[in-house]
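Structure first, then comments.
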Amino acid sequence: MPSFRRWGKSKFQKNPESSFKLLAAVLVITLYLIIKEFQHPTIRSKAGTTGARIQYVGWNSSHKADADKADKVREAMKYTFWKYRDRAWGYDDVLPVSGEGSNSRNGWGAFIVDSSTTLAVMGLWDELSLCVEHIVKIDFTSAQDLVDPFETTIRYLGALVSLVDLKDAGVIPDNVVGAEARNTILQQAVTLANSLGPAYDTPTGMPWPRVNFNSSQGVGDPPSVYAEQPEKQVYKNPFIGPARTGSSILETRTLTRLTGNSIYVTNSTKAWAPLVWSRWVSPWKGMVDAPIDIITGKPVARQRHWDGGHDSYYEYLLKMTIMSPPSDPYVKDYRTRFLDAAYSLRSHLASRSAPAPDHTTQHLFIGRQDQKWYQNRQGHLACFAPGTILLGAKYLEQPYLQTFAQALLEGCHHTYTSTPSKMGPETWSWIPKFGFDTPVYEPQSDRQVQEWKKYGFWASDPQYKGRPEYVESVFYAWRITGEQRYREWAWEAFQGMERHCKAPYGYAQLTDVFHPLLAEWAENEEGRWIDMQESFWAAETLKYLWLTFADVSLANLDRWVFSTEGHLFRMIR
């Protein structure tokens, strides 16, 4: 009959002293591993998931690349690049009407650097190769003028670290950017970041408005700023807006990841700390009062909004929430601040337009608060908000914010589709439906009255400056909802740009979106166009338009985070 095995005495029983030594060693090792885990926690992703889940997943045949429209936008980018190449290579910009070169960003070739990531995602390798040849030779230790840390970070530094990320992700082939060129581009980013370092040398960590590269010192706004903006108030100490102090952390976080040097993200974290963890009480949760004294950190005024000067701080709160790994000790704070600010915008700054005599439809717009005054005026820059809030609504699972964001985007779309040019004005106003018997802004001219009667809003500044914010939000709406109408909106806008902005040497800005035709300027043909083409036209406007029509797998929102200048950073989480 079968027998059961009878175990004998264990070694522990045979040698108690050895048993206790072994148990003690096991306990010590276990305790050591537990302590190390708490000091440096291991982040374990769920099986099969990396990045985030943001993009719409129910794509079908109708959601594939619209090759014809994508090619049209790509041709516009090629036209933009080669006209600049022929007429202004090495300058910051080309003047699209006269064909002259212009330097407004320290003479390093802003267009070359800023447009490089658009060339990369479009696969324009010959053009990108020319850019790389220039980029590796730029001297970022000297500058023609005082350096603006904000503009330099978003246009130059952001593009440089994005190029490295695009190379490391396999987007850029080796024959365009090899290992040596990749390392040189990264070193250029390090050199530039180090040159910008003195900007953060303040008691609060908030950056100086300018940096003198010759003396390696931060300085206040130069007199030219006040000459261009005579309404700009003068305070005892230098001051700054939320966007300027709160919009470098994506770029520096990426640079720190690529180099292992924490100083870059540390500077940016300190720079926006007075906003994220403000000691000054604001009546609206999540919102900051500005501008802010960089010496004391105290608000010197009570302006609250998501428009120009404040905008990208709120954008970066969300995008740092998305980019950061769960081990980041501050990510919950960023998330909370963004959601509070988004709901404060919804409660306090968004207002519906009252029905007009010939336009009864009501539209949702974004105003501003200045002291106790609600200003019923929105700038084109604020049209970034629908896309950012939609991104946050999807990632943070906030369905009420998604509905709100789409309503805001419809308002921006209305300003575009109402005009003969199919482009929206730089700023506009409306009569709020609720709460304001006498609004701050009312139509002042016969033209404004007629525009209000016909469209429910009127242009306070009718220029179109090639800005990307509207098509940026349309891109996010398309990628997040999958609704075909957003591609149609993007195409309508692009057709307007192609028809009315294409100039002999690039794409000019429009003087008046309500009067885009040459025949309307017969006595002053040059007045129709503004002889200016900012680098964001190539870095953002054309990039977002092209990505709206390209294959949805390109620049997937589950894998990439876009900077406020449209540069792509990998979501390393």
Side-chain angles (χ1 to χ4, degrees), residues 41 43-60 63 246 249-250 253 276 284-287 306 311-350 364 366 382-412 469 472-486 544 547-548 552-553 555-564 568-573:
I43 305 302
R44 296 175 177 83
S45 300
K46 294 180 180 179
T49 63
T50 57
R53 292 189 176 184
I54 294 172
Q55 280 209 165
Y56 179 70
V57 295
W59 306 108
N60 54 42
H63 299 118
I249 197 164
L250 291 182
R253 177 66 172 260
V276 180
W284 302 346
K285 290 181 66 175
M287 301 282 283
W306 281 43
D311 44 5
S312 50
Y313 161 63
Y314 299 107
E315 175 187 358
Y316 274 30
L317 280 174
L318 171 66
K319 291 181 176 179
M320 270 300 288
T321 303
I322 297 173
M323 179 184 279
S324 299
S327 59
D328 189 315
Y330 307 130
V331 69
K332 290 183 179 179
D333 294 330
Y334 302 153
R335 178 187 188 276
T336 299
R337 291 291 283 183
F338 171 77
L339 285 176
D340 285 345
Y343 278 107
S344 288
L345 169 64
R346 182 172 177 256
S347 299
H348 301 291
L349 293 177
L364 198 61
I366 304 172
C383 282
F384 92 96
T388 293
I389 295 173
L390 194 58
L391 183 65
K394 182 62 183 293
Y395 181 68
L396 302 175
E397 299 180 339
Q398 300 286 320
Y400 292 116
L401 285 184
Q402 176 163 334
T403 303
F404 172 58
Q406 289 182 277
L408 290 177
L409 182 52
E410 188 283 326
C412 291
E469 289 77 22
E472 172 187 354
S473 286
V474 170
F475 160 74
Y476 279 113
W478 160 248
R479 287 291 186 92
I480 291 170
T481 71
E483 295 181 21
Q484 187 67 28
R485 60 175 172 153
Y486 295 121
Y544 286 122
L547 286 173
T548 302
V552 296
S553 64
N556 190 313
L557 295 179
D558 296 344
R559 301 290 182 269
W560 296 90
V561 175
F562 288 78
S563 75
T564 195
L568 297 80
F569 307 132
R570 287 190 295 167
M571 197 183 297
I572 304 295
R573 307 172 66 206

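Looking at heavy atoms from C-beta onward, F569 lies in side-chain contact with M323 at the 4.5 angstrom threshold. Taking 4.5 Å as the limit, every side-chain heavy atom of T564 sits out of range of all side-chain heavy atoms of L250.
Rounded to the nearest 0.5 Å, atoms CZ (R346) and CZ (F404) are 7.0 Å apart. Atom-to-atom distance recorded for S312:OG and L317:CG is 10.5 Å, nearest 0.5 angstrom. The distance from the OG atom of S347 to the CE atom of M287 is 10.5 Å, given to the nearest 0.5 Å. Annotation: the span from R559 atom CZ to S553 atom OG amounts to 11.5 Å, rounded to 0.5 Å. Between M320 atom CE and R253 atom CZ the span is 4.5 Å, to the nearest 0.5 Å. Taken to the nearest 0.5 Å, the CD1 atom of I366 stands 7.0 Å off from the SG atom of C383.
The closest donor-acceptor contact from the side chain of Y486 to the backbone of S473 lies at 3.5 Å or more, if one exists at all. In this structure, Q55 contributes its side chain and L557 its backbone to a donor-acceptor pair below 3.5 Å. Counting only distance, with no hydrogens or angles, the side chain of R337 and the backbone of V276 share a donor-acceptor pair below 3.5 Å. Between the side chain of S344 and the main chain of K285, a donor-acceptor pair closer than 3.5 Å is present. In terms of modelled atom types and a separation under 3.5 Å, the side chain of D311 and the main chain of W306 share no donor-acceptor contact. Between the W560 side chain and the A555 main chain, no donor and acceptor come within less than 3.5 Å of each other.
The salt bridge (charged side-chain N to carboxylate O under 4.0 Å, His left out) test applied to E469 returns no partner, not counting sequence neighbours. Partners of Y330 according to the side-chain contact (heavy atoms from CB on, under 4.5 Å) rule, which considers only residues two or more places apart in sequence or in another chain, are T269, W277, D328, D333, Y334. Evaluation of the ring pair (Phe, Tyr, Trp, His ring centres under 6.0 Å) rule for W284 yields H348 as partners, not counting sequence neighbours. Here K332 pairs with nothing under the side-chain contact (heavy atoms from CB on, under 4.5 Å) rule; sequence neighbours left out.
Looking at every heavy atom in both residues, K319 comes nearest to E472 through NZ-OE2, 4.5 Å. When all heavy atoms of F562 and E315 are compared, the pair lying nearest together is O-OE2, 4.3 Å. Taking both residues in full, the closest heavy atoms of Y316 and S563 are given as OH-CB, 3.5 Å, listed atom of the first, atom of the second, then distance. In terms of heavy atoms, A350 sits closest to L408 at CB-CD2, 4.5 Å. A477 and L409 get closest at one heavy-atom pair: CB-CD2, 3.6 Å.
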Please walk me through it: do R335 and L339 pass side-chain contact (heavy atoms from CB on, under 4.5 Å)? CA-CA 6 Å; R335 178 187 188 276; L339 285 176; 3.6 Å; yes

CA sep, side-chain torsions, deciding dist, call: E483, Q406, side-chain contact (heavy atoms from CB on, under 4.5 Å): CA-CA 11 Å; E483 295 181 21; Q406 289 182 277; 3.4 Å; yes

From CA spacing to verdict: side-chain contact (heavy atoms from CB on, under 4.5 Å), L547, W478: CA-CA 10 Å; L547 286 173; W478 160 248; over 6 Å; no

Stepwise side-chain contact (heavy atoms from CB on, under 4.5 Å) test for V552 and N556: CA-CA 7 Å; V552 296; N556 190 313; over 6 Å; no

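Annotation: side-chain hydrogen bond (donor to acceptor under 3.5 Å, both in side chains) contacts involving residues 391-400, sequence neighbours excluded, comprise Y343-Q398, Y395-R573.
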If you look only at distance, which donor and acceptor atoms sit under 3.5 Å apart when one is on a side chain in residues 384-391 and the other is two or more places apart or in another chain?
none

